[in-house]
Each structure stands twice: as C-alpha cells, then as structure tokens.
Amino acid sequence: MTGSGIGSTWPIFTMATQCPDYNFSEIEPHWQRYWDEHKTWRAEDRSDLPKYYVLDMFPYPSGAGLHIGHPEGYTGTDILARYQRARGRNVLHPMGWDAFGLPTEQFAIQTGAHPRDTSRRNIDNFRRQIKSLGFYYDWDREVDTTDPAYFRWTQWIFLQLFKKGLAYVDERPVWWCEALGTVLANEEVIDGRSERGNHPVVRRSLRQWVLRITAYAEDLLNGLKDLDWPDSTKRMQEAWIGRSEGAEIRFDLESLPGQSLEVFTTRPDTLFGATYMVVAPEHPLVPRLTAGAQRAAVEAYVGKAAAKSDLERTDLAKDKSGVFTGSFALHPVTGSRLPVWVADYVLLSYGTGAIMAVPAHDQRDYDFALTFDLPVQQVIEPADHSGNGDAATLPFLGEGRLVHSDGYTGLDWAEAKARITADLEAAGKGRARVQYKLRDWLFSRQRYWGEPFPIVWVSESDFEAARALPEVAPLLPAEPVVYREKDIAWYALPLPDAALPLELPEVESYHPSGSGESPLARATDWLDIWFHPASGRSTPASGPRPEGSGWIRARRETNTMPQWAGSCWYYLRYLDPKNPAEPFSPEAEAYWQTPDLYVGGAEHAVLHLLYARFWHKVLHDLGVVRSPEPFRKLFHQGIILGEDGSKMSKSLGNVVNPDEIVKDYGADTLRLYLMFLGPLEAMKPWNPKGIEGVHRFLRKVWRDLLDPAGRPAAKLHDGPEDHPATERLFHETIKKVTEDIENLRFNTAISQMMVFANHLQKVDRLARATASGFVQLIAPFAPHFGEELWERLGGAPSVTTAPWPAYDPAKLVTDEVKVVFQVNGKVRGDGFLPREATEADAVAAARAHPRVAPHLDGKALRKTIYVPGRILNLVVSG
RNA sequence: GCCCCGGUGGCGGAAUGGUAGACGCAGCGGACUUAAAAUCCGCUGGCCGCAAGGCCGUGAGGGUUCGAGUCCCUCCCGGGGCACCA
C-alpha cells in the first residue's frame with residue numbers, strides 16, 4: 001500500500017468511513033449517525049408491506065444503567081428486526097421506559113430529588129447506552145409510562161375497568177411492608193418478605209383498590225391453549241390460576257338454627273367420610289359458633305393466628321394446630337353431628353374459608369385428626385380391593401370405589417362425585433362449583449411515584465345528584481363503589497375524559513405518611529377540592545366554592561397504581577404513540593395488531609404477562625382490540641451469570657458494564673458475543689476470553705474481503721463463478737443462517753458464518769457477489785460492520801434496504817455422498833458413493849474397504865441396514 | 001413434598017434415532033519477526049500401542065433398537081416454579 005490511496009484516491013465511498021483497518025470506534029458512531037439522520041429504523045404507519053412487530057420487554061431505567069442482560073434479549077430481537085426488514089417486512093421494533101417504580105422513589109426519599117428528574121436522567125443514560133449498541137429501534141415511538149401524555153391513557157383504561165365493575169374497593173388484610181411503607185400484592189411477597197428489598201411484611205387491614213381479574217379466570221386459562229409460549233410459562237400461569245372443580249355443600253348448624261356453614265370440596269364423593277368441620281380463624285361465623293366454655297380458648301387461638309405471619313402459618317407450621325369451638329354441624333345426608341373446629345390450616349381466602357374434614361382421604365385432615373384424636377372414617381377403597389373396608393393404608397388418596405356410603409357404596413368415585421353433587425343440589429344442600437386459586441388483583445400502592453387514580457370520593461347525597469347527570473351516568477358502574485369510614489359512606493366518582501390526565505401534585509416530602517396513606521395525602525390543595533362532576537373541573541377546597549351549579553366537595557384518591565399498570569398496555573401505545581385523542585387509532589391497531597414476537601425474562605411469567613393478558617381481554621371485550629390475546633408468541637432469554645458462574649451483583653463485583661465492552665471491542669463484537677455465548681434461552685456464564693474469539697472473527701472477515709488500504713481485496717472478482725466448494729458452502733451458510741435466525745438459534749448461525757469465514761481464508765478468488773452476500777448475512781448480527789463492508793464492496797447504502805440472500809437448493813446437492821460403514825453398529829470406515837448408489841453398491845464398497853473388510857472376514861451377514869447418503873450397517877455373526 | 005427444565009472434553013457449547021465433541025476459548029508445537037504483538041499452519045476426550053490400529057467414553061444403573069447424547073423406566077446431582085388452595 002506504499003504511497004497509495006490516502007489523500008489521492010480517497011474518498012472512494014460516499015457514506016462509509018475511510019479507515020483502512022477495522023476501526024470500530026470510528027465506524028460505529030458513524031453508522032449510528034447515519035441511521036439517525038436517515039431514520040433507517042422507522043416503521044411506516046401506512047404501508048403495503050406486510051408488518052412485522054417484534055417487541056422487547058421495556059426496561060425500568062434504574063440508576064445503575066444498562067445491565068448486560070438487557071442487550072442480550074435486545075440483540076436477539078434486533079437481529080430478527082433487521083432480518084425481517086431484509087425479507088421485505090415493514091418492521092415495528094420499539095423501545096420505551098417503565099419508569100414509575102420504587103427505586104426512584106426510594107432515591108427521592110433519601111435525597112429529596114424529584115422522581116421525575118431522576119427518571120429523566122436515568123432514561124437519558126439508558127437511551128444513550130442502547131443507541132451505542134446500534135439497535136434498530138424506532139425512536140420516534142419511544143414511550144415513557146411516567147409521561148402524562150402516556151398515563152392519561154393508563155388512567156383511561158382504569159376508568160373502563162371501573163365502568164365495567166371490574167374495579168372496586170375493599171377493606172382487606174393486605175401485605176404491609178413497613179420498610180417500604182406500602183402494601184404489596186401477593187405476587188410481590190416471597191416467603192413473608194418483600195420481593196423488592198427483602199423486607200419483612202405483615203398483615204394489615206387497609207382500604208384498597210382491587211381489580212376483578214377473577215372474572216376473567218376462565219378466559220385467561222382457556223386462552224393459554226392457543227399461545228406459542230414456553231410450556232413452563234403456560235404451566236406456571238395455569239397453576240397460578242389454579243382451577244378446581246368440586247362442590248359447594250351446606251352444613252346446617254345445630255346451635256344456630258337457620259344458619260349454615262358452606263364448604264368447598266373437590267371430593268364430594270367423600271361426603272360420608274366427613275368426621276368434623278374446620279373454619280379459618282378469620283371466618284365471620286367464628287364468634288357465633290363459639291360456645292361459652294370454649295370462648296377463652298378460641299379467642300386466644302384466633303388472636304395468635306392473627307399475629308402470626310404467613311411464613312409461620314405455612315412454611316414453618318406444618319404441625320397442625322386448632323381449637324374446638326364447642327358447636328356442631330349436621331351432616332347434610334346422615335344428619336350426624338360433626339364438631340366444628342377452628343384451625344389455621346384452613347385459609348379464609350380460598351373457597352369459603354371452611355371445610356368438611358375427611359381424614360381418611362386427605363393428608364392434612366388426617367394429620368389434624370391424629371393430633372386431636374378425631375374419628376377417621378374410610379369411604380373410598382382401592383379398586384382392586386373387594387372387601388368392604390378398612391384394608392387400605394390411610395389416608396388413602398388414590399382413585400377407587402365407595403364404601404360405607406349409604407346409597408352410593410360400590411360406585412366408582414368419579415361417578416359418585418357427580419351423583420352426590422346432583423343429589424345435594426336437588427335437596428337444596430349444595431351445588432357444583434368451580435374454584436380458582438387466582439385472587440383479585442390488589443391494585444393500589446401507598447406511594448407517590450405512580451399513576452394517580454382518576455377518582456374522587458364524595459358523600460352519598462352528592463353522589464346521587466351526580467349520578468343523575470347525563471354526563472356522569474355513563475361513566476359509572478352498575479353498582480356504586482363505596483366504602484365506609486367512621487360511619488360515613490364515601491362514593492367513588494370518576495373523572496371524565498376531559499379531566500385526564502390527572503397529574504401528580506408537587507409535594508414537599510416523598511415519605512409515606514405511615515398511616516397507610518401515600519405522600520399524596522399531604523398535598524392538601526390537590527387532595528381536598530371543589531369538584532364539578534360533569535366537566536371534571538376542580539379547584540382547591542381551601543378556596544371559595546366556584547360560581548355556578550353542580551360543584552361539590554370531594555377528596556381525591558390518595559393511592560397510586562402499581563408499577564404493573566403502565567406495562568399492561570404499552571405494546572399498544574407503540575402502535576400510535578403520539579395520538580392525543582385516543583390510546584391508539586383503530587387504523588393503527590388494524591394494521592399492527594399485536595406483537596409477532598415478544599422477548600423478555602422468565603421472571604415475568606405470571607405477573608406482568610397475566611396482568612397484561614387481563615387488560616387486553618377487557619379491551620377486547622370493549623371492542624378496542626381485535627385479538628383476544630396480546631402476545632401470541634413469547635420467548636424468554638436466559639440469564640447471563642458472572643464470570644464465576646454466580647448471579648451478577650454489585651456485592652460480588654462480577655458485574656459486566658456494557659459501556660466498557662463497547663469501548664474496548666465495539667458494539668458489534670458485544671452483540672456477536674452475546675449471541676454466541678450459547679442458546680438465547682439458556683443461563684450461561686460470561687467469559688471475557690470468549691469475546692476475543694468473535695472479535696477476531698470480525699477482523700478476519702475484514703482482512704479477507706478488504707485489502708490493507710481498506711478497499712476490496714485483490715482476490716475479489718466481478719464474475720459470477722466461485723469454486724464449487726465455495727459455492728456450496730456459501731449456499732449452505734445462507735440456508736443455515738436463515739433457518740437459525742427464524743428459530744432464534746443465533747449461536748449456531750454465528751458458528752456457521754465462522755466456518756464460512758475460515759473457508760474464505762483458503763480460497764484465492766471469490767465472486768464479489770458472494771462476498772457481499774456474506775456481508776448481508778453478518779449485517780443483522782454486526783450491523784455497523786455490515787453497513788461498512790457492504791458499501792466498501794460496492795453496495796448502495798444501506799445494507800438494510802437490500803433483500804435477504806436466497807439459497808439455491810440445487811447448489812446444495814452433490815454427486816457423491818459420504819456413507820458411513822458400520823459393522824454391528826460400530827463405525828469401521830466410510831466412503832464416497834454416488835448419490836443414487838443402491839444397497840448392493842454400498843455393501844460392495846464396504847466389503848472392499850480395507851478397514852471394514854477384516855471385520856467381515858469369515859462371518860455370516862445376517863442383516864443389512866442402508867440409509868442412503870448416511871449409513872450402512874452390516875450385522876454379522878460367527 | 002409436588003410440577004417443570006437441565007447434566008456432553010480443561011471451559012462455553014454443537015449434534016432430523018445414523019461417524020459424539022461442529023464453532024469458539026484455553027493449552028501444546030511450528031512459521032513469520034532482531035524481539036514482541038498481530039497473523040498463519042498443525043495438534044488437542046481418556047486408556048493401550050513404536051505404529052497400524054484397538055478398547056472405553058455424553059451424571060449412575062437398567063431397557064427398547066441393526067444403531068441411543070437423543071426414546072422408555074429407576075436413581076443421583078444442579079437450576080426454576082408452586083407449596084396446608086380443601
């Protein structure tokens with residue numbers, strides 16, 4: 001390259017950089033600028049092309065910056081996006097911020113910094129980091145859950161739920177976390193501690209907003225069937241919904257005429273084996289069931305149970321405890337007296353909070369009966385028993401036939417379930433019932449940094465007056481949402497659309513109030529208002545009542561929504577993110593519909609993914625979206641562990657910072673390495689040495705296709721022809737890379753490209769078209785590198801506009817195929833045979849093979865298995 | 001306890017029931033270089049053997065099959081989820 005090039009013949013490229021070597025720190029920012037200026041990544045709203053919508057779970061922009069796990073999934077979707085673009089799709093690949101949430105608020109509490117400022121700073125940093133990795137995101141569609149223009153529609157969706165009667169308030173024992181100063185949902189509590197921060201939690205009764213997700217239990221369960229999701233995730237949701245079929249049975253109470261105890265059981269066939277009853281300590285009938293002599297003992301027990309954390313009640317306390325109430329229930333068929341006990345192994349929150357205990361056929365009841373010396377009556381015997389009775393080991397939990405069950409003895413248990421249930425129903429003593437483990441979704445938090453509820457509380461008379469207004473009536477549910485506080489009833493009124501968004505007030509302190517109310521309770525001018533229900537206008541109650549009619553006194557809801565709210569529908573806002581009049585236009589929804597692929601961590605298997613499905617189904621029922629499910633195809637990327645194989649954490653000092661990798665090796669190398677580590681779904685350790693390998697691969701390709709001055713290598717020629725071996729390998733590579741991308745097997749796609757690169761080093765000439773085609777295959781993985789080489793080899797920028805290479809199946813077939821020779825299943829040699837060689841040809845070749853022949857000598861050929869083009873197995877004996 | 005998913009060289013991993021270990025890392029030997037880096041070439045599962053070659057080998061044990069990393073059964077280990085849900 002002596003004296004050539006630089007200065008005299010440069011620039012030869014219009015867009016590419018001028019660097020002779022693979023200088024990624026010059027190339028990458030250059031192409032990032034190019035993409036930004038040309039909006040290469042823009043998804044067109046109106047297009048004749050078929051759409052492809054690929055979605056990442058948007059991140060919570062934490063102060064720590066991007067974690068190395070983020071770009072793992074993002075690179076996977078980015079490859080898909082670029083590939084689908086090359087396949088002629090109009091690709092939507094958006095990014096946004098799930099920016100409400102506790103860490104930002106904790107930071108505000110500690111420092112006084114406004115959460116909005118912290119969020120903005122963190123978002124800017126995340127965006128910078130993500131852009132530095134060259135992702136094909138449509139930045140014109142960025143969404144931010146904390147932006148009033150966004151959460152206006154989160155509030156709007158809440159109001160649709162409210163109107164449909166799917167949102168209600170309830171005073172209920174909830175998980176209260178003292179350290180976080182808030183209530184947590186069941187799903188956010190793990191082993192009696194908060195999922196976030198691992199603080200202890202206790203039960204506490206508070207007024208809460210609750211969403212009636214249980215109304216959709218059946219839909220949510222059935223919908224799973226058609227989803228292309230990991231099986232484990234579907235199973236988790238299935239288990240979480242926890243559908244059981246059984247019966248609700250009514251037991252009259254001896255001491256309370258006219259009162260009865262309802263139980264739920266999945267085993268109505270064991271009705272005749274019920275020997276006692278159990279109610280949960282919190283069951284409302286407990287005080288009345290308690291007989292005088294037992295009162296002290298029952299009250300002590302109930303008090304103790306209330307004080308126990310759930311950790312004690314479940315994990316540590318498998319030993320049964322309980323107290324007899326002193327009263328009896330009457331068996332609905334036999335009329336026999338069954339003692340009613342209080343025990344904390346029965347949960348108020350499931351079923352009816354009471355059970356009929358069948359110790360002979362339930363492990364828990366059996367343990368309890370043993371502890372308290374209660375009778376055990378067998379009513380099911382294994383099907384292979386012919387005797388009537390007691391032979392089986394108790395408790396017997398298996399299938400069988402009924403015994404000791406007047407009128408039903410001898411029946412198969414499944415039939416007995418149906419018969420007994422039907423008979424109870426006819427007698428007015430029970431009915432078939434489906435029960436779910438799924439509980440309604442506790443939807444409020446006593447926090448500042450969340451979406452405010454677009455709800456005000458008013459007196460009964462003001463509510464009645466408002467309800468009569470034509471503007472207000474359509475916004476209300478059939479049943480008013482109401483709660484009582486110190487004998488005063490408060491009625492919920494929604495803000496009309498015109499009053500949205502309801503923004504957060506400025507407050508002096510972000511500390512929770514400690515009383516169970518959020519910091520919003522201290523923003524008095526925001527909180528206590530004069531309210532005009534028809535228009536939604538408001539003014540501080542500290543001021544005078546405004547002129548005109550229809551103004552009432554109101555107090556705003558002080559709770560805020562949980563972080564899940566914003567992420568429940570963000571994938572829909574991307575369709576039309578700037579729409580000021582609707583959450584998204586019907587046209588945008590008609591074209592983009594729902595994501596074709598959703599990629600994100602398995603840690604959201606139940607929470608986010610179940611909540612979002614719930615909201616989507618509600619929107620579907622409202623006619624707002626056409627599909628019944630939001631995420632047809634779901635994929636979980638795995639977790640990247642630290643170098644030492646343990647989870648990355650600051651305290652272990654094994655955290656990998658993407659910024660440093662980009663600085664040292666470039667974004668393309670990082671992307672390639674993340675994909676090369678192993679299967680996308682696998683958990684795999686980071687290996688800093690491994691990154692050298694993929695970096696070398698890029699440099700090797702650069703060196704191979706370009707000369708030392710950075711221009712097309714001398715061995716490139718413009719003819720169509722390559723060596724047949726090169727041609728075949730190239731077409732194999734196109735095939736493999738294409739199929740692997742479609743199946744998200746990026747690691748094997750990369751290894752195939754490495755195989756091809758290794759081959760390129762050995763050839764002395766190469767068609768320029770082959771070189772460019774190879775660069776196209778690399779481009780989705782290493783996009784800056786791809787753009788740079790594409791143009792230097794003569795392609796018009798950008799490579800993203802070039803159609804994906806197609807392979808020619810005819811180029812993959814060879815005249816000769818390798819056949820492996822086995823004798824008795826052991827490999828003894830191989831040989832090349834014509835593709836159409838017969839079994840006889842193959843056997844002849846094997847017999848002639850010097851290393852195979854000795855194993856056949858003097859032995860009788862008993863069987864021949866011939867798989868053309870693969871294997872010949874000769875089974876011999878003697 | 002119950003339900004999933006895994007277990008393959010020194011390491012990450014690859015293998016429609018058909019040559020186990022592709023590709024990469026690490027290691028060893030060599031070339032280039034005054035030297036180093038970079039790059040290139042070769043070797044690299046274990047055991048026996050001078051070699052040709054043979055035997056063994058995918059957590060353990062059994063089974064199905066002409067043939068098993070792959071399918072079936074039992075067990076061990078690791079990871080994830082659920083956990084008194086009647």
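Quick note on labels: first sequence line is chain A, next is B, and so on, each numbered from 1.
- Residue-level contact check: A:V820 touches the bases, meaning some heavy atom is under 4.0 Å from a base atom.
- Taking atom CG on A:L677 and atom P on B:rG13, their separation rounds to 8 Å, with Å as the unit.
- An OP1 or OP2 oxygen of B:rA38 is reached within less than 4.0 angstrom by no side-chain nitrogen or oxygen of A:R703.
- Regarding contacts with the backbone of B:rG24, a side-chain N or O of A:N758 is found under 4.0 angstrom from either OP1 or OP2.
- Going from atom CG of A:L607 over to atom C1' of B:rG80 covers 15 Å, rounded to whole Å.
- Between A:Q435 and B:rA86, a side-chain N or O to OP1/OP2 separation shorter than 4.0 Å is absent.
- Atom name C1', nucleotides B:rG10 and B:rG45: the rounded distance is 10 Å, in whole Å.
- Between B:rG53 and A:R851, a contact under 4.0 Å exists linking OP1 or OP2 to a side-chain N or O.
- A salt bridge does not link A:R250 to A:E248: none of the charged side-chain nitrogens sits closer than 4.0 Å to a carboxylate oxygen.
- Nucleotide B:rG9 is shown with a syn base, its glycosidic torsion being within 90° of 0.
- Between the C1' atoms of B:rA22 and B:rU44, the separation comes to 15 Å (whole Å).
- Annotation: B:rA14 and B:rG62 have their P atoms spaced 29 Å apart (nearest Å).
- Applying the salt bridge (charged side-chain N to carboxylate O under 4.0 Å, His left out) test to A:D21 and every residue at least two apart in sequence or in another chain returns nothing.
- The P atoms of B:rG29 and B:rU19 are separated by 34 Å, rounded to the nearest whole Å.
- Put simply, CD1 on A:I639 is 13 Å from C1' on B:rG81, counting in whole angstrom units.
- The 5' end of RNA chain B is approached more closely, in terms of each residue's nearest nucleotide, by A:M683 than by the other of A:M683 and A:I865.
- Taking atom P in both B:rU8 and B:rC2, the straight-line distance is 25 Å, to the nearest Å.
- Across B:rA68 and B:rG53, the matching P atoms stand 24 Å from one another, rounded to whole Å.
- Note on A:N747: a side-chain N or O is less than 4.0 Å away from OP1 or OP2 of B:rA14.
- In terms of phosphate contacts, A:H695 brings no side-chain nitrogen or oxygen within less than 4.0 Å of OP1 or OP2 of B:rG24.
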List the atom pairs, with distances to 0.1 Å, where a side-chain N or O of residues 821-832 of chain A and a protein N or O form a donor-acceptor pair under 3.5 Å, not counting sequence neighbours.
unit_1	atom_1	unit_2	atom_2	d
A:N824	OD1	A:V876	N	2.9
A:N824	ND2	A:V876	O	3.4

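- Looking at heavy-atom distances under 4.0 Å, A:H361 makes no contact with the nucleic acid at all.
- For the pair A:K234 and A:E238, the salt-bridge criterion is not met [side-chain N within less than 4.0 Å of a carboxylate O].
- In this entry the distance linking CG of A:D231 with P of B:rG6 reads 11 Å, nearest Å.
- Nucleotides B:rC4 and B:rG13 have their P atoms positioned 24 Å apart, rounded to a whole Å.
- A:R696 comes within contact range of the sugar-phosphate backbone alone, with a heavy-atom separation under 4.0 Å but no base atom that close.
- Checked by distance alone, A:R870 brings a side-chain donor or acceptor within 3.5 Å of a matching partner on the base of B:rU16.
- A:E643 and A:K689 are not joined by a salt bridge, as no carboxylate oxygen comes within less than 4.0 angstrom of a charged side-chain nitrogen.
- Between the C1' atom of B:rC55 and the NZ atom of A:K826 lies a distance of 8 Å, rounded to the nearest Å.
- Between B:rA86 and A:R267, no contact under 4.0 Å exists linking OP1 or OP2 to a side-chain N or O.
- A:T733 has its side chain out of reach of A:V755: every pair of non-hydrogen atoms, C-beta onward, lies at least 4.5 Å apart.
- Two residues, A:V875 and A:T748, neighbour RNA chain B, and the one matched to the more 5' nucleotide by heavy-atom proximity is A:T748.
- At B:rC66, one or more side-chain N or O atoms of A:K863 fall inside 4.0 Å of OP1 or OP2 (strictly under the cut-off).
- Dashed line: the shortest gap from a side-chain N or O of A:T864 to OP1 or OP2 of B:rC66 is not under 4.0 Å.
- Taking atom P in both B:rC11 and B:rC32, one finds a spacing of 35 Å when rounded to whole Å.
- Taking the six-membered ring for Trp, A:Y673 and A:Y665 have ring centres at least 6.0 Å apart.
- Cation-pi check for A:K320 over A:F368 is not met; the charged atom does not lie both under 6.0 angstrom from the ring centroid and within 45 degrees of its normal.
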**Dot-bracket encoding per residue of RNA chain B, Watson-Crick/G-U cut-off under 3.5 Å, | denoting interstrand** = (((((((..(((.....[....))).(((((.......))))).((((....))))..(((((..]....))))))))))))....

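- Comment: A:E245 does not engage A:K417 in a salt bridge, judged by the lack of any side-chain N to carboxylate O separation of less than 4.0 angstrom.
- A donor N or O paired with an acceptor N or O is not found under 3.5 Å between the base of B:rC11 and the side-chain atoms of A:K689.
- Within the 4.0 angstrom heavy-atom criterion, only backbone atoms of the sugar-phosphate kind lie near A:R828; the bases stay farther away.
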